[in-house]
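Letters A, B, ... mirror the listed sequences (proteins, then strands); counts begin at 1.
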Amino acid sequence: TQLLEQSPQFLSIQEGENLTVYCNSSSVFSSLQWYRQEPGEGPVLLVTVVTGGEVKKLKRLTFQFGDARKDSSLHITAAQPGDTGLYLCAGYTGTASKLTFGTGTRLQVTL
Amino acid sequence: SAVISQKPSRDICQRGTSLTIQCQVDSQVTMMFWYRQQPGQSLTLIATANQGSEATYESGFVIDKFPISRPNLTFSTLTVSNMSPEDSSIYLCSAVTGGYEQYFGPGTRLTVT
């Protein structure tokens with residue numbers, strides 16, 4: 001059973017547009033991570049959020065962890081072709097040492 | 001952080017044969033994991049590679065099909081045994097260095113014909 005649902009599944013936008021990817025669950029996560037994966041590569045960690053309500057910024061990327069620690073969002077401002085890739089959220093539940101991965105969002109940014 | 005390498009990067013194998021994938025980390029890590037991923041899709045955890053003891057497998061994965069070794073704190077192998085076309089996938093290893101953060105290798109793309 002997939003605990004983390006991401007939306008949208010696929011997003012195709014033009015350079016300069018803004019977008020938001022959502023990661024939702026009915027479970028509470030002790031921490032949540034966002035990864036980006038490009039074809040032929042492994043996922044690369046972008047950010048870890050730990051505290052409910054936490055907001056982190058990484059250049060044009062803004063990550064938010066929901067107050068109840070059940071959801072998260074990734075907002076990209078002025079998307080660039082280099083942002084193209086598969087975005088994955090992943091979370092730890094309780095004291096588990098295993099990550100639960102989201103369903104993934106494939107982003108394509110065109111010129 | 002940790003830098004993880006995998007060998008081979010890709011392979012094409014005949015059904016019924018076995019392939020062993022190696023995963024090397026550039027530093028000692030607390031935990032290592034093996035995942036499977038269909039291209040463009042999310043990751044499915046196969047097992048946790050435990051140092052000095054048997055791996056812990058997730059539901060749907062068994063040791064006879066996916067034997068795993070972890071002889072030390074920087075190295076692990078995953079064998080895909082008696083392969084069938086359904087085993088065609090990308091296999092990824094990952095490591096946790098001590099906190100929350102998990103780092104991934106580049107993956108091994110396996111095609112079974």
> Looking only at heavy atoms, which two atoms of A/Gly42 and B/Leu92 are closest? And how far apart?
Replying inline: CA-CD2, 3.9 Å
>> Rounded to the nearest 0.5 Å, what separates atom OG in B/Ser94 from atom CG in A/Leu99?
In response: 7.5 Å
> What about A/Leu32 and A/Leu58, same hydrophobic cluster or not, with Ile/Leu/Val/Met/Phe/Trp/Tyr joined at side-chain heavy-atom distances under 4.5 Å?
Replying inline: yes
> Between B/Gln41 and chain A, which part of the residue has a heavy atom less than 4.5 Å away: side chain, backbone, both or neither?
Replying inline: backbone
> So with a 6.0 Å cut-off around CD1 of B/Ile12, is the heavy-atom count from everything else above 12?
Replying inline: no
> How far does NZ of A/Lys98 sit from OG1 of B/Thr56, to the nearest 0.5 angstrom?
Replying inline: 8.0 Å
>> Using every non-hydrogen atom in the two residues, find where A/Tyr35 and B/Gln102 come nearest and quote the distance to one decimal.
In response: OH-O, 3.0 Å
>> Shorter than 4.5 Å, heavy atoms on both sides: which option in A/Gln33, A/Gln9, A/Gln6 has the most such pairs with chain B?
In response: A/Gln33
> If Ile, Leu, Val, Met, Phe, Trp and Tyr residues are connected whenever their side-chain heavy atoms lie under 4.5 Å apart, and connections chain through other members, are B/Val25 and B/Trp34 in the same group?
Replying inline: no
> Pick from B/Gln37, B/Met31, B/Gln6: which one has the most heavy-atom pairs with chain A under 4.5 Å?
Replying inline: B/Gln37
> Are A/Leu46 and A/Phe29 connected in the hydrophobic side-chain network, where two residues link if heavy atoms are under 4.5 Å apart?
Replying inline: yes
> Counting only heavy atoms not in A/Arg60, do more than 12 fall under 6.0 Å of its CZ?
Replying inline: yes
> Is the OH atom of A/Tyr22 crowded by more than 12 outside heavy atoms at less than 6.0 Å?
Replying inline: no
>> Can you tell me which portion of A/Val50 sits under 4.5 Å from chain B's heavy atoms? Options are side chain, backbone, both or neither.
In response: side chain
> Is B/Tyr91 linked to B/Val112 within one hydrophobic cluster, defined over Ile, Leu, Val, Met, Phe, Trp and Tyr using a side-chain heavy-atom separation of less than 4.5 Å?
Replying inline: yes
> From B/Ser42 OG over to A/Gln37 CD, what is the distance, rounded to the nearest 0.5 angstrom?
Replying inline: 9.0 Å
